[in-house]
Amino acid sequence: QLQFVESGGGLVQSGGSLRVSCAASGFTLDNYDIGWFRQAPGKEYEGVACISDSGGSTYYVESVEGRFTISRDNAKNTVYLQMNSLKPEDTAVYYCAAVRGFTTLQEMCAMANAMDFWGKGTLVTVSA
């Protein structure tokens, strides 16, 4: 059974840090580009960080660049998102998603509806 499970969300104060993880089972991640997307209440999905299948390339949306770091450990079939200097506007449900075949990571991060697999999400709440 193909499964993507996120973990590590929670409540943190503004300026704090969290690391969320995404573990895959039933398939190997090393053939897929992976993205972290988020959805805040009443808003559409937003791609915040994407990483290539090898881990050699990354892309960040401007609002998180310099604060968030996406990484992957293909041996553990797991992808991570380290979030530092968190702000209340980062509050959202964070999802990981996988896809193959995009030309660029920027394009991938902009097209949530084109992902092949999704996790169920983990809630990150940043208090002021």
Side-chain angles (χ1 to χ4, degrees):
Q1 181 180 0
L2 305 178
Q3 198 171 11
F4 239 163
V5 179
E6 298 94 337
S7 61
L11 174 64
V12 64
Q13 288 187 332
S14 182
S17 298
L18 276 178
R19 188 178 81 159
V20 291
S21 302
C22 176
S25 62
F27 69 107
T28 56
L29 282 181
D30 56 4
N31 293 326
Y32 290 85
D33 298 328
I34 306 295
W36 280 98
F37 296 79
R38 67 185 179 187
Q39 187 177 34
K43 296 190 176 181
E44 295 185 354
Y45 286 99
E46 177 188 31
V48 296
C50 290
I51 188 167
S52 62
D53 53 6
S54 68
S57 298
T58 56
Y59 169 81
Y60 299 92
V61 71
E62 185 176 350
S63 60
V64 309
E65 191 157 18
R67 301 189 297 123
F68 289 13
T69 302
I70 187 172
S71 62
R72 65 191 297 162
D73 186 338
N74 286 343
K76 294 182 178 180
N77 230 22
T78 302
V79 182
Y80 307 95
L81 184 68
Q82 176 68 43
M83 302 181 288
N84 299 329
S85 302
L86 282 160
K87 305 174 181 179
E89 51 264 41
D90 294 318
T91 294
V93 178
Y94 283 73
Y95 301 87
C96 58
V99 71
R100 288 189 288 189
F102 270 83
T103 303
T104 69
L105 295 177
Q106 182 174 0
E107 179 187 37
M108 173 190 171
C109 262
M111 295 185 68
N113 60 354
M115 299 299 107
D116 292 331
F117 301 111
W118 284 89
K120 293 184 178 181
T122 184
L123 176 63
V124 172
T125 303
V126 185
S127 63

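Of the possible donor and acceptor atoms, none in the side chain of Glu107 sits under 3.5 Å from a partner among the backbone N and O of Phe102. Between the Thr122 side chain and the Gly9 main chain, a donor and an acceptor come within less than 3.5 Å of each other. Judged by distance alone, with hydrogens and angles left aside, the side-chain atoms of Ser57 form no donor-acceptor pair with the main-chain N or O of Ser52 at under 3.5 Å. With hydrogens and angles ignored, the 3.5 Å screen pairs a side-chain donor or acceptor of Gln39 with a backbone N or O of Lys43. Remark: side-chain polar atoms of Asn77 are paired, donor with acceptor, to backbone N or O of Leu29 under 3.5 angstrom. In this structure, Asn74 contributes its side chain and Asp53 its backbone to a donor-acceptor pair below 3.5 Å.
Inter-residue side-chain proximity for Leu18 and Val124 is flagged as met; some heavy-atom pair is nearer than 4.5 Å. A 4.5 Å side-chain heavy-atom check between Gln82 and Ser17 finds at least one atom pair inside the cut-off. No side-chain heavy atom of Arg38 sits under 4.5 Å from any side-chain heavy atom of Val93. Residues Tyr95 and Glu6 have side chains in contact (heavy-atom distance under 4.5 Å, counting atoms from C-beta outward).
Remark: Ser63 OG to Lys87 NZ distance equals 8.0 Å, nearest 0.5 Å. Taken to the nearest 0.5 Å, the CG atom of Asp90 stands 10.5 Å off from the CG atom of Asn84. Leu105 contributes atom CG, which lies 8.5 Å from atom CD1 of Ile70 (distance to the nearest 0.5 angstrom). Distance CD1/Ile34 to SG/Cys96: 7.0 Å, rounded to 0.5 Å. The structure places CG of Leu11 at 5.0 Å from OG of Ser127, a figure rounded to the nearest 0.5 Å. One finds the CG atom of Asp33 at 8.5 Å from the CE atom of Met115 (value rounded to the nearest 0.5 Å).
Within 6.0 Å of atom CD in Glu44, 12 or fewer heavy atoms from other residues, nucleotides or ligands are found, so the atom counts as exposed in its surroundings.
At a threshold of 4.0 Å, the pair Asp30-Arg72 does not count as salt-bridged, since none of the basic side-chain nitrogens sits closer than that to a carboxylate oxygen.
Side chain to side chain, Thr78 and Asp73 fail the donor-acceptor criterion of an N or O pair below 3.5 Å. If you check the side chains of Tyr80 and Arg19, you find no donor sitting under 3.5 Å from an acceptor.
Residues Val61 and Val20 share a single hydrophobic cluster, defined by chaining ILVMFWY side chains whose heavy atoms lie under 4.5 Å apart. Transitive grouping of hydrophobic side chains (ILVMFWY, heavy atoms separated by less than 4.5 Å) keeps Met108 and Val79 in distinct clusters. If you chain together hydrophobic residues whose side chains sit under 4.5 Å apart, Tyr45 and Leu123 fall into the same group.
Scanning all heavy atoms of the two residues, the minimum distance from Leu86 to Arg67 falls at CA-NH1, 3.9 Å. When all heavy atoms of Ala49 and Leu81 are compared, the closest pair comes out as CB-CD1, 4.0 Å. The shortest non-hydrogen separation linking Pro88 to Ala128 is CG-CA, 4.0 Å.
Under the 6.0 Å cut-off for aromatic ring centres, Tyr60 and Trp36 do not qualify, their centroids lying 6.0 Å or more apart.
Note on ring orientation: taking the six-membered ring where Trp is involved, the planes of Phe37 and Trp118 are tilted (angle from 30° to 60°). Taking the six-membered ring where tryptophan is involved, the planes of Phe4 and Phe27 are perpendicular, since the angle between them exceeds 60° and thus also 30°.
Taking the ring centre of Tyr32 as origin, the terminal cationic atom of Arg100 falls inside the region bounded by 6.0 Å and 45° from the ring axis.
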